[in-house]
Amino acid sequence: VSTQSTGAQFWWANEMINFHSDLPYDGIWLDMNEPANFDSNGVHGSIYGCEKNEINEPPYKPNTAGDTMYFKTLCLDARQAWGIQRDLHNIYGLTETVATYNALKLKNNTKKPFIISRSTFLGSGRYGGHWLGDNESSWKHLRQSIIGILDFNLIGIPMTGADIGGFFKDTTEELAVRWHQLGAWYPFCRNHNGIDSINQDPASFGDEAFAKMKRAIEIRYELMPYWYTQFYQSHKTGEPIMRATFQNFPKDRELLKNLFDDKYTQFMIGSYLLIAPVTTENTSQTTVYLPPSTNWYKHYNGVYTYQPSGIQSVEVPQQELPYFIKGGAVIFMQMEGQTTTIRRKQPYKLVVFPDLNNRAAGTLYLDHDEENPQEYVVVEVEFSDNTITITAIVYNGFKMGDAEGSGQYSDLVILGIKNDIQSATLNEENFNDFRYEEESNELILDLQGASKLLTDSFVIKFE
């Protein structure tokens, strides 16, 4: 289908609408849209083959698969609405994604379309996401997935992932565990494999391996407010979500050394979270470089500890992959619920990670989930001088609905508090629901009794 033409776009939209009437779906997965065209009895391009001319068989051939440039695709002189296949091959997936986006908006203009396409081009990220195509169950392809997703984030397609566990060949239990621990940090997180491979979903393994993979997904779900906010910020600014470390630390020359490519496979999610996955088998350690221009914290098994900066080897048992938080962050979390629908109804936990100047800041974006985000709230949090300032900016009358739950806060945890806290106020009134954990240097304020919502602005001071 040449989705460049107006007639084809209307036909495509009608098909989308009719199919939804038969089977209500939440999103569309566009596969094989390079376009792929498998051979018929050894013939490529069409069932009749391709005419021998300079378009189909140019004087030179780039390093593409097969003996011809129409190997497993269309003849290069095949007509499309905007021209011929030779000139339009690279944007076929883009035009199909745009047509699908418009079709889904025509079907229901109040819903956000969700589209994943195998073939993309510059500009595709405005309309849909991408996955890296058919990989294999190998440690090599696990490592290469990091580079692929970083690349697509750089060109404006942040919703990108790879097939967790690999598509071709059979995975192993260790590879499946480590790939889930990495894949839980893909912007687009999906386990997918081929029909001829062994099952590789978490439940197909033993209880111990299942628990490890489940824990990886739970950590992703705990940070879902952070993830959702990253997509909002990427939409507003164009910044990548998954980033190479040097993108956040462009002046750190250690990150520009040649040995870095071979030695480290770490990356960052947004400005604050750093991930150093295990990318080789039979190991329980990984090397990480934490830039010394700031301070760092480590999360493992629900506990936050200080982590020294610099190059270091970190223990990474299979039970859980630790992650690192750059000083200066305020992270929103939701701690309970086995689905995103359930979890987004839970109270919000805030964790403050002060930087070297004892300051921190963070942002939360929240809208009506699947609905078109005309109504939303942006919550800005600042910490300095023993004061937490929370400012809620409400757009177009946003109110918490059934999908958002109560919108209440639970705990507010501030790390790095060196002295016992004697008193606290909320909007200049005494606030007594707090405790100081001397061993971990944490101040924990229980905000549930304060009846504050995400749409409220307020100030907390303590001394």
Side-chain angles (χ1 to χ4, degrees), residues 143 146-147 150 153 181-182 184-185 219 222-223 226 230 239-280 283-317 319-333 350-363 381-386 413-419 437-443:
R143 290 189 292 272
I146 299 171
I147 300 170
L150 290 174
N153 270 257
Q181 291 174 344
L182 165 61
W185 296 99
I219 292 173
E222 289 172 5
L223 293 165
Y226 181 83
Q230 296 310 302
E239 289 187 316
I241 293 175
M242 185 168 166
R243 310 173 186 178
T245 312
F246 75 81
Q247 291 175 261
N248 286 335
F249 296 90
K251 296 181 180 180
D252 192 319
R253 301 192 67 82
E254 183 70 28
L255 294 167
L256 303 179
K257 292 182 179 179
N258 291 335
L259 60 83
F260 197 86
D261 292 338
D262 299 328
K263 200 169 184 181
Y264 312 111
T265 51
Q266 67 185 52
F267 56 89
M268 296 189 72
I269 301 298
S271 299
Y272 291 112
L273 302 186
L274 189 147
I275 319 303
V278 173
T279 59
T280 56
T283 183
S284 59
Q285 289 187 329
T286 188
T287 302
V288 63
Y289 174 68
L290 302 178
S293 57
T294 186
N295 57 321
W296 294 88
Y297 303 81
K298 182 177 79 172
H299 172 274
Y300 180 75
N301 197 27
V303 177
Y304 301 99
T305 56
Y306 292 105
Q307 188 72 18
S309 61
I311 299 174
Q312 55 203 283
S313 181
V314 177
E315 289 290 329
V316 187
Q319 281 70 24
E320 183 174 324
L321 179 72
Y323 65 89
F324 304 90
I325 307 96
K326 174 188 169 187
V330 177
I331 306 294
F332 283 80
M333 305 177 185
L350 279 75
V351 182
V352 179
F353 303 88
D355 63 13
L356 294 172
N357 297 314
N358 203 33
R359 294 174 177 269
T363 302
V381 184
E382 294 185 1
F383 168 72
S384 65
D385 300 324
N386 289 356
V413 181
I414 307 173
L415 305 180
I417 302 298
K418 301 296 177 62
N419 301 308
E437 300 289 348
E438 184 175 2
E439 183 176 347
S440 58
N441 297 136
E442 294 180 359
L443 174 62

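No hydrogens, no waters, no symmetry mates; every other heavy atom, side chains included, goes into these values. Index from 1, following the sequence.
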Exercise. Kindly state each residue pair satisfying salt bridge (Lys or Arg N to Asp or Glu O under 4.0 Å) with at least one member in residues 320-332, sequence neighbours excluded.
Key: R215-E320

Quiz item: Which is it for L182 and I146 under the side chain to side chain contact (heavy atoms under 4.5 Å, CB included) test, yes or no, and what are the steps along the way?
Solution: CA-CA 9 Å; L182 165 61; I146 299 171; 4.1 Å; yes

Quiz item: Can you name the nearest heavy-atom pair linking T286 to P277, along with the distance?
Solution: OG1-O, 3.3 Å

Quiz item: Does N357 use its side chain to pair, donor to acceptor, with the backbone of R359 at less than 3.5 Å?
Solution: no

Self-check item: Interatomic distance, N386 atom CG to N358 atom CG [nearest 0.5 angstrom]
Solution: 7.0 Å

Quiz prompt | Euclidean distance, L150 CG relative to F267 CZ, rounded to 0.5 Å | solution = 7.5 Å

Self-check item: Heavy-atom closest pair, residues L356 and S293
Solution: CD1-O, 4.1 Å

Practice problem: Would you check if the distance from the ring center of Y297 to the ring center of Y306 is below 6.0 Å? | Solution: yes

Self-check item: Pair Y323 and W185, ring centroids less than 6.0 Å apart
Solution: yes

Self-check item: Separation between OG of S271 and CD of Q247, rounded to the nearest 0.5 Å
Solution: 10.5 Å

Quiz item: Just by modelled atom types, is the P354 backbone N or O under 3.5 Å from a matching donor or acceptor in the N295 side chain?
Solution: yes

Practice problem: Decide yes or no for F332 and V381: does some side-chain heavy atom of the first lie under 4.5 Å from some side-chain heavy atom of the second? | Solution: yes

Practice problem: Would you name the heavy atoms of Q312 and L290 that are closest together and state the gap between them? | Solution: NE2-CD1, 3.8 Å

Practice problem: Say whether, by atom type as modelled, one donor and one acceptor occur between the side chain of Q266 and the main chain of L274 under 3.5 angstrom. | Solution: no

Quiz item: Considering residues at least two apart in sequence or located in another chain, which fulfil the side chain to side chain contact (heavy atoms under 4.5 Å, CB included) criterion with S284?
Solution: E315

Quiz item: Nearest heavy-atom pair of G270 and Y226: which atoms, and what distance?
Solution: CA-OH, 3.7 Å

Quiz prompt | Gap between atom CD1 of I241 and atom CE of M268 - 0.5 Å precision | solution = 14.0 Å

Self-check item: Evaluation steps, side chain to side chain contact (heavy atoms under 4.5 Å, CB included), between M242 and I269
Solution: CA-CA 5 Å; M242 185 168 166; I269 301 298; 4.1 Å; yes

Quiz item: Roughly how far, to the nearest 0.5 Å, is CD1 of I414 from CD1 of I417?
Solution: 5.5 Å

Exercise. Indicate the atoms forming the closest heavy-atom contact of V278 with L321, along with that distance.
Key: N-CD1, 4.3 Å

Self-check item: Validation row: Q307, V288 side chains within 4.5 angstrom (heavy atoms)
Solution: no

Quiz prompt | Atom of P291, atom of S309 and distance for their closest heavy-atom approach | solution = O-CB, 3.9 Å

Self-check item: Interatomic distance, T280 atom OG1 to Q285 atom CD [nearest 0.5 angstrom]
Solution: 10.5 Å

Exercise. Please identify each residue that fulfils side chain to side chain contact (heavy atoms under 4.5 Å, CB included) with A329, with sequence neighbours left out.
Key: Y272, I325, I331, F353

Exercise. Evaluate the criterion side chain to side chain contact (heavy atoms under 4.5 Å, CB included) for residue pair Q319 and Y300; output intermediate values, then yes/no.
Key: CA-CA 10 Å; Q319 281 70 24; Y300 180 75; 4.2 Å; yes

Quiz prompt | Atom CZ of R143 with >12 non-hydrogen neighbours under 6.0 angstrom | solution = yes

Practice problem: Apply the test side chain to side chain contact (heavy atoms under 4.5 Å, CB included) to residues Y304 and V351: give CA-CA distance (whole Å), side-chain angles for both, the deciding distance (0.1 Å), then the verdict. | Solution: CA-CA 10 Å; Y304 301 99; V351 182; 4.2 Å; yes

Quiz item: Just wondering, do T245 and Y289 contact through their side chains at under 4.5 Å, heavy atoms?
Solution: no

